[in-house]
Amino acid sequence: MKRFQKTIALILAPLMAVSLIIACLPAIRVHAAECPSLFYNDTPWENDLRNPAAYFRVGAFDDFWIPLSLFEKLQNVKIRRSYDNNSKVLRRFTISDEGTGKSLSFEADNEYVQTERGPVIVLRTILYYKERYLPMRDVCHYFGWTFDYLRYGEDKMVVRIMDGTQTLSFTDLLAPYNLNPDTDTPDTEVTEPPETEPPVTEPSVTETTPPDVTPQPPQVVYRASRVILTFEDLDPVHTPEILDILSEYGANALFFGTGGQISKNPELVTRILSEGHAFGLHTMSEDETGLRDTDTLLASFGEENDLLYTMTKQKTRLIRLPEGSHSGYLHLGEPQKKALSDAGYVLWDWNLAAFDNDPSYTADMVFEKLERGFRNSFQPVIRFHCTETAAEVLPSILELVSSVPTMEIHPVTEATEPIVFP
């Protein structure tokens, strides 16, 4: 009998253990799978990059550098790559959105990027384990794509890039991973203290109790020391407003006008000069046709300078090409640059484009782009246009510069060392 009971016990013990586990299942929390770092639209991006996070966060703010290959996953996006035949190193690449016709052409060994319309802009890229990483915000803003991101845990991040074909909200996209974008933190279990533990009594606030210390945001470090403001296109409506703002802040800028703009707005040019701003030539008509010829180029600037003298009794040595010295149509070679220099001209390009003349850029987006530029460039030369957006964002830029002791608006003279595209 005892032997029989022992046998039954041996049989029932495992069954009872399994039953206990099943009974406890509702109380066991099932953790979601690890969330991927990158998504495109509604799809997680599977990749074999060496960097498991597949993104970079640089600086005190959220600046993300996204792998070039991820952008290729978006609809209508094509990437053309060119390699060095000997080392098989990526030398240049072009991102094209066939839906909008926009494109950006990158040179891997410098920061100058050419747009489909010709202007050259400056975008920093990062080479990491043979993959090229691009600045997410600038690239998305240029092409009109959008993005979501979420920080969670101590050092984890989720980033999603969208081209408009996504169907899920960011909350729904992250729900399977127990992440909630509305709280910026993952859902976690809260363990209640035992009932036997005495409640915690908060000390009463008295005059000797120190006040609560509010956490301070991370200190932003700006590399910029000398900020140079340049403006193109003498719009008769917005240029006076920009001059009023500059006067209010005691700031100087460099204005470029064409011959046509000078002849139509002589009083505006006179005001620019009388208020201590620098003025530069922008060719007679902003038409690049024929400017590849050195004689034609010199003749255009000479004619405009004569016109400036007729209107203001002053000439200038400062010049800028319609879309800079390196554009889709025109690329000044060393012989042309030398010819301009020998004629006494000082050529100016820029290293920080505001995009204030791009309808897809709001004033907030322009400010955000310029503020990031102040963190990356010792002497940012900003390319503004005399637009409504420029007038809207200019006070915020001047307030930022005045709030940082190490930064100043640097006036331009004919002796100032210029920024010139390579």
Side-chain angles (χ1 to χ4, degrees), residues 58-63 65 104 106-107 110-115 119-126 134-135 137-139 141-142 219-233 242 245-246 249-256 277-278 280 318 320-321 323-326 346-358 361-387 389-413 415-422:
V58 179
F61 287 80
D62 297 320
D63 295 342
W65 273 257
L104 292 175
F106 294 77
E107 294 286 341
N110 65 50
E111 299 181 358
Y112 293 96
V113 181
Q114 185 174 313
T115 69
V120 174
I121 60 178
V122 177
L123 292 180
R124 176 188 177 193
T125 65
I126 296 174
L134 279 58
R137 290 177 183 271
D138 287 330
V139 172
H141 284 164
Y142 186 80
Q219 182 67 35
V220 182
V221 177
Y222 293 105
R223 289 185 60 201
S225 176
R226 304 191 303 175
V227 179
I228 294 178
L229 307 174
T230 72
F231 293 86
E232 299 177 16
D233 303 335
I242 289 170
I245 296 170
L246 293 171
Y249 285 87
N252 293 94
L254 167 57
F255 288 82
F256 291 98
H277 302 290
L318 309 176
R320 173 176 285 174
L321 274 296
E323 294 297 343
S325 63
H326 186 176
V346 180
L347 179 64
W348 275 87
D349 287 315
W350 60 88
N351 57 17
L352 187 55
F355 285 166
D356 58 290
N357 63 334
D358 189 329
Y361 270 69
T362 66
D364 288 341
M365 292 164 64
V366 170
F367 176 82
E368 182 183 274
K369 185 178 190 302
L370 297 180
E371 191 274 339
R372 290 199 308 277
F374 292 170
R375 287 181 263 143
N376 296 324
S377 175
F378 168 72
Q379 179 177 284
V381 176
I382 303 175
R383 184 200 193 190
F384 279 117
H385 299 76
C386 294
T387 61
T389 302
E392 185 178 350
V393 77
L394 184 58
S396 299
I397 291 298
L398 294 175
E399 287 286 352
L400 173 61
V401 173
S402 64
S403 70
V404 180
T406 56
M407 283 200 295
E408 66 172 357
I409 300 297
H410 190 68
V412 173
T413 69
T416 305
E417 185 69 23
I419 292 292
V420 181
F421 296 149

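Every heavy atom of this structure was used, including side-chain atoms; hydrogens, water molecules and symmetry mates were not.
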Next on the checklist: Can you tell me how the ring of Phe231 sits relative to the ring of Phe255, calling it parallel under 30°, perpendicular over 60° and tilted otherwise?
Outcome noted: parallel
Next on the checklist: Return the CD to OG distance between Glu408 and Ser402, rounded to the nearest 0.5 Å.
Outcome noted: 12.5 Å
Checklist entry - Got a second to check how far Leu104's CG is from Thr115's OG1, nearest 0.5 Å? => result 7.0 Å
Checklist entry - If you draw the axis of the six-membered ring of Tyr361, does the NZ or CZ of Lys369 fall within 45° of it and under 6.0 Å from the ring centre? => result no
Next on the checklist: So which atom in Leu400 and which in Ser403 form the shortest heavy-atom distance, rounded to 0.1 Å?
Outcome noted: O-OG, 2.7 Å
Item to check | Minimal non-hydrogen separation, Ile419 against Val381, with atom names | outcome: CG1-CG2, 3.4 Å
Next on the checklist: Quick check: closest heavy atoms across Pro411 and Thr416, and the distance to 0.1 Å?
Outcome noted: O-OG1, 3.9 Å
Checklist outcome for this item: Ala354 and Val366 have their tightest heavy-atom pair at O-CG2, 3.3 Å
Item to check | Straight-line distance of Leu370 CG to Met365 CE, nearest 0.5 Å | outcome: 12.0 Å
Next on the checklist: Between Asp349 (side chain only) and Gly324 (backbone N and O only), is there a donor and an acceptor less than 3.5 Å apart?
Outcome noted: no
Checklist entry - If you measure only the distance, is there a donor-acceptor pair under 3.5 Å linking the side chains of Thr387 and Asn357? => result no
Item to check | Residues forming a side-chain hydrogen bond (donor to acceptor under 3.5 Å, both in side chains) with Tyr142, sequence neighbours excluded | outcome: Glu116
Next on the checklist: So, taking the atom named CD in Glu417 and the one named CD in Gln379, what distance separates them when rounded to the nearest 0.5 Å?
Outcome noted: 8.5 Å
Checklist entry - So which heavy atom on Phe421 is nearest to which on Ser325, and how close? => result CB-OG, 3.6 Å
Checklist entry - Which heavy atom of Arg226 sits nearest a heavy atom of Pro380, and at what distance? => result O-CD, 3.3 Å
Checklist entry - Do Val412 and Asn252 come close enough that some side-chain heavy atom pair is under 4.5 Å? => result no
Item to check | His277 side chain to Ala253 backbone, donor-acceptor under 3.5 Å | outcome: yes
Next on the checklist: Phe374 vs Leu352, test: side-chain contact (heavy atoms from CB on, under 4.5 Å). Steps then yes/no.
Outcome noted: CA-CA 9 Å; Phe374 292 170; Leu352 187 55; 4.3 Å; yes
Checklist outcome for this item: Checking Thr230, Leu347, Leu254, Val346 against Arg320 for side chain to side chain contact (heavy atoms under 4.5 Å, CB included), the one that qualifies is Thr230
Next on the checklist: Using the rule given for side-chain contact (heavy atoms from CB on, under 4.5 Å), can you reason through Arg375 versus Arg223, listing the C-alpha separation, both sets of side-chain angles and the distance that settles it, and then say yes or no?
Outcome noted: CA-CA 5 Å; Arg375 287 181 263 143; Arg223 289 185 60 201; 6.0 Å; no
Checklist entry - What do the steps show when you test Ile409 against Tyr249 for side-chain contact (heavy atoms from CB on, under 4.5 Å), and what is the final call? => result CA-CA 10 Å; Ile409 300 297; Tyr249 285 87; over 6 Å; no
Checklist entry - Can you tell me how far the CZ atom of Phe367 sits from the OG1 atom of Thr389, to the nearest 0.5 Å? => result 15.0 Å
Item to check | Separation of Leu398 CG from Ile245 CD1 (nearest 0.5 Å) | outcome: 8.0 Å
Checklist entry - Heavy atoms, side chains only, cut-off 4.5 Å: are Asp358 and His141 in contact? => result no
Item to check | Stepwise side-chain contact (heavy atoms from CB on, under 4.5 Å) test for Leu246 and Leu229 | outcome: CA-CA 10 Å; Leu246 293 171; Leu229 307 174; 3.9 Å; yes
